[in-house]
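We number each residue from 1, following the sequence as shown.
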Amino acid sequence: MNTLIYIAGFDPQIMNFCNANTKRTHALIGLMLVCNTILFFWGAYQFFCSCNLQNWILIPISLILCLLLLGYYRMLLATHDFDHCHYYLTGELKKDTPGFSAMIRILLLLVFAGFSATGLSFWFMEDAVSEFLLKTNTDTDPTTTSQLLMPGTTYIELAISDKLNLIYILLQPWHILIYFYFIVFFILMTLPVAIKFFDKGISFCDYEWDENKIETDIILSNHLYTRDVVNQLRYELYHLGPDLYEAYADPPFNKIKKEQTKVNIPENTR
């Protein structure tokens, strides 16, 4: 279980102090990551097979992309949308509103999913496309020959765009299945992240409370240490007293700016 928790990017040491249900749910997320990564690897491998690459380079490229996806998953799951300032001031967990950065991260995950789904569709439809090409190449009626293909074209010689067009032509009577297939694949690839951030039982579990407290304490301790070092340097180098001025009311989070008071300067001193 700890291996799955570690694969998903969660801290096993913090998880050891959590209840059994929290451990199971986070291990389940890790299991989904493993399954999705294996599925992505096979989809990437099939996609590059369709690009007619040499066999010795197919597996290394697929593995590199596979590791990139796993690392990206871990980054998404480890990127908390909790407001540390709110926790510091109130002791409660509050999620930040998802912004442009969150949308870009989800879109990039969908790109990974679309890439793998396309490769798997080549694998599923290879026999059907090859049979269609064989029938097209042996058909003497020129009106039934696909305008996309040259006579005698084989499956290996097809470009990626031609394969996609042929798959669409073959599945045209059931074109709704194409959209359903990609939608289901997108859901499967984004499910671990969706569970982590939209299931309140997981996103507000005891693990998140403990981790958020540790992170907040680290931020505060580093801020205090840095401030002490700066004040010590001010005294040793310039014989100046400590600089206690703060532009914000909640250092080091710096989200609540102090109200600036207007200083009235007498006319005779201008």
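Following chains of ILVMFWY side-chain contacts shorter than 4.5 Å, one cannot reach Leu188 starting from Val111, and the two form parts of different hydrophobic clusters. Ile183 and Val193 fall into different hydrophobic clusters, where Ile, Leu, Val, Met, Phe, Trp and Tyr are joined by side-chain heavy atoms under 4.5 Å apart, directly or via other members. The hydrophobic cluster containing Leu39 does not contain Leu67, counting ILVMFWY residues as joined when their side-chain heavy atoms lie under 4.5 angstrom apart, directly or transitively. Connection of Leu31 to Ile187 is not established within any shared hydrophobic cluster, with ILVMFWY side chains joined at heavy-atom distances below 4.5 Å, either directly or through further cluster members. Under the 4.5 Å side-chain heavy-atom criterion for ILVMFWY residues, a single connected hydrophobic cluster contains both Val34 and Met32.
You'll find the ring centres of Phe115 and Phe48 inside the 6.0 Å limit.
Salt bridge Glu208/Lys213: absent, no basic N to carboxylate O contact under 4.0 Å.
Cation-pi contact between Arg74 and Tyr6: present, with separation from the ring centre below 6.0 Å and deviation from the ring axis of at most 45°.
We find the NE2-SG distance between His26 and Cys205 to be 4.0 Å, quoted to the nearest 0.5 Å. Between the OG atom in Ser116 and the CZ atom in Phe41 there is a gap of 11.0 Å [rounded to 0.5 Å]. Within the model, atoms CG of Leu70 and CD1 of Ile7 stand 7.0 Å from one another, a figure rounded to the nearest 0.5 Å. Between the OH atom of Tyr181 and the CG atom of Leu120 there is a distance of 4.5 Å, given to the nearest 0.5 Å. Summarising the geometry, atom OG1 belonging to Thr25 is positioned 9.5 Å from atom CD1 belonging to Ile195; distances are rounded to the nearest 0.5 Å. Here the OG1 atom belonging to Thr216 is positioned 10.0 Å from the CD atom belonging to Glu211, to the nearest 0.5 angstrom.
Put simply, the side chain of Asp210 never gets that close to the backbone of Phe17: no donor and acceptor are under 3.5 Å apart. Side chain of Ser62 to backbone of Leu58: a donor-acceptor contact under 3.5 angstrom is found. Of the possible polar contacts, one joining the Ser221 side chain to the Ile218 backbone as a donor-acceptor pair under 3.5 Å is found. Looking only at distances, no side-chain donor or acceptor of Asp206 sits under 3.5 Å from a matching main-chain atom of Thr22. Side-chain atoms of His223 never come within 3.5 Å of backbone atoms of Ile219 as a donor-acceptor pair (strictly under, hydrogens ignored). The main-chain N or O of Gly241 is found under 3.5 Å from a side-chain atom of Arg234 such that the two form a donor-acceptor pair. Judged by distance alone, the side chain of Tyr73 and the main-chain N or O of Pro192 form no donor-acceptor pair under 3.5 Å.
More than 12 heavy-atom neighbours from other residues, nucleotides or ligands sit within 6.0 angstrom of CD on Glu236. The local environment of CZ in Phe124 is crowded, with over 12 non-hydrogen atoms from other residues, nucleotides or ligands closer than 6.0 Å.
For the pair Leu108/Arg105, no side-chain contact is recorded, criterion being any heavy-atom separation below 4.5 Å from C-beta on. Looking at Leu69 and Asn36, their side chains never come closer than 4.5 Å, going by heavy atoms from C-beta outward.
Here the shortest heavy-atom pairing between Met189 and Ala113 reads CG-CB, 3.6 Å. Counting all heavy atoms, side chain and backbone alike, Gly114 lies closest to Phe182 at O-CE2, 4.2 Å. Between Phe186 and Leu110 the shortest heavy-atom distance is CE2-O, 3.6 Å. Nearest heavy atom pair, residue Ala8 against residue Gly30, reads CB-CA, 3.7 Å. Cys18 and Lys23 make their closest contact through O-CE, 3.5 Å (heavy atoms, listed as atom of the first residue, atom of the second, distance). Annotation for Ile5 and Met15: closest pair CD1-CG, 3.6 Å, computed over non-hydrogen atoms.
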Derivation of the side-chain contact (heavy atoms from CB on, under 4.5 Å) call for Leu33 and Leu77: CA-CA 11 Å; Leu33 255 65; Leu77 294 174; 3.9 Å; yes
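Each of Phe112, Tyr45, Tyr72, Phe47 was scored for a ring-ring contact (aromatic ring centres under 6.0 Å, His included) with Phe40, with one residue passing: Phe112.
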